[in-house]
Protein chains: 2
Amino acid sequence: MKITYKSDYALKTILDLAAHFGNGPVAINDLSQRLDIPTKFLEQILLDLKRAGFVESRRGKVGGYSLGRHPGKITLGEVTRFIAGPVEPIACVDKKYSGCQDIGKCVFRDVWEEVNRSASRIIDNVTFEDLLKKSKKMNKAFTYQI
Amino acid sequence: MKITYKSDYALKTILDLAAHFGNGPVAINDLSQRLDIPTKFLEQILLDLKRAGFVESRRGKVGGYSLGRHPGKITLGEVTRFIAGPVEPIACVDKKYSGCQDIGKCVFRDVWEEVNRSASRIIDNVTFEDLLKKSKKMNKAFTYQI
DNA sequence: ATAATCTCTATTATATTAGTAGAGTATACC
DNA sequence: GGTATACTCTACTAATATAATAGAGATTAT
């Protein structure tokens, strides 16, 4: 797993779409402005997310993107794994990688797999509905502070 | 955390040095051959590891590298964190990164921190002595199979 | 028709990773 | 002291991945 700009953009985009779930499609331009993501870059990310089934799209005048499923049915784990690869390890899974050719001899592998399981247990139990609720709570707290 | 070739090489090198702990220094060339790592690349890695105090070196005819501490006193976590960065998240910690400027508003951050803690709990409790023992056991099992 | 919006492929710039090169410094041993 | 051996340090290069940018094309509401 590697949280790059692209994967971060993707996560934030899905969270935004979760916030607008049920209100019809949201245009790329709106997302792009609100989340401060280069429009053309976001386009590509959304197409990826669409191919994976996380979002749906609609063309034309009232077109835009919407979440493919209810926010409570999309986990952080699913999306992260899709856009950022497996949690751990990276190299051990890599085909080009020669260090782990005989898997039985790589003593590190077991540990990375345990890390992987442990991380998955966390992120597979967080839905975008959860994140959305937390986000709303945070914004409220932030507003009161002012 | 990102397990690149460099970090993988570093981990394997330390494991090898752990196996030779107490027997005097091991030359780069030996390590390089045994672990199949380009010599000049390994040089740099070893210098990094030396600066971090994981290994010690000795120049001259009977020179080479040796572990700076007892294998039981070096954890996988320490080394991994040094050579591969923090376990998670990458982007949230990045200075250039603008997405998490107001930390209180990044709902993902909490999750990544939980993942981080969870992974740390694992890798901070594995020493190179542990890994060495496991490695020996594995090799034995492998030999019997033949 | 046409304006708005998504779709797709190609290209470019920058950063990171992996590896290479070579001159320099210390040490054991004869 | 000379010499072989081995670590030290800095710079450079190639390959790959990341982050964008560009533009022509397809769909839909009005």
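All chains are named by letter (A, B, ...) in the order of the sequence lines, taking the proteins before the strands, and each is independently numbered beginning at 1. When reading the values below, keep in mind they use all heavy atoms of this one structure, side chains included, and skip hydrogens, waters and symmetry mates.
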Please report the distance, rounded to the nearest Å, between CZ in Arg59(A) and P in dT2(C).
21 Å
Whether Lys73(B) and Glu78(B) form a salt bridge (side-chain N of Lys/Arg under 4.0 Å from carboxylate O of Asp/Glu) is what I want to check.
no
Quick one: label Val26(B) by what it contacts on the DNA or RNA (base, sugar-phosphate, nothing), any heavy atom closer than 4.0 Å.
sugar-phosphate
Will you find, in the side chains of Ser66(B) and Arg58(B), an N or O donor that is under 3.5 Å from an N or O acceptor?
no
Atom-to-atom span, CD1 of Ile37(B) to P of dT17(C) - whole angstrom
17 Å
SB check Arg34(A) Asp30(A) (cutoff 4.0 Å)
no
Separation of Asp48(A) atom CG from dT9(C) atom C1', in whole Å?
13 Å
Should Glu43(B) and Lys40(B) count as an ion pair when the cut-off is N to O under 4.0 Å?
yes
Need one value for Leu46(A): base, sugar-phosphate or nothing, where a base atom within 4.0 Å counts as base even if backbone is also close, heavy atoms only.
nothing
Within this structure, what is the CG-to-P distance between Leu31(B) and dA6(D), rounded to whole angstrom?
12 Å
Any donor-acceptor pair under 3.5 Å joining the side chain of Glu43(B) to the base of dC9(D)?
yes
Length of the line joining Leu47(A):CG and dT7(C):P, which is rounded to integer Å:
5 Å
Decide, yes or no, whether a salt bridge links Lys134(A) with Glu129(A) under the criterion of side-chain N to carboxylate O below 4.0 Å.
no
Is any side-chain N or O of Arg58(A) closer than 4.0 Å to OP1 or OP2 of dA29(D)?
yes
Should Asp130(A) and Lys133(A) count as an ion pair when the cut-off is N to O under 4.0 Å?
no
Specify the separation, in whole Å, of atom CD1 of Ile45(B) and atom C1' of dC9(D).
16 Å
Options dA20(D), dA26(D), dA26(C), nucleotide nearest the side-chain atoms of Tyr5(A)
dA20(D)
Walking DNA chain D from its 5' end, the first of Gln44(B) and Lys50(B) to be reached, judged by nearest nucleotide, is Lys50(B)
Write down the distance between CG (Leu49(B)) and C1' (dT8(D)), rounded to a whole number of angstrom.
15 Å
Phosphate OP1/OP2 of dA6(D) contacted by Ser57(B) side-chain N/O (<4.0 Å):
no
Would you tell me if any nitrogen or oxygen in the side chain of Tyr9(B) comes within less than 4.0 Å of OP1 or OP2 on dA18(C)?
no
Among residues 61-71 of chain A, which contact DNA chain C at a heavy-atom distance under 4.0 Å?
Lys61(A), Gly63(A), Gly64(A), Tyr65(A)
First of Gly60(A) and Lys40(A) reached from the 5' end of DNA chain D, by closest nucleotide
Lys40(A)
Between P of dT16(C) and CD1 of Ile83(B), the distance in whole Å
18 Å
Are Glu56(B) and Leu67(B) side-chain neighbours, meaning at least one heavy-atom pair lies under 4.5 Å?
no
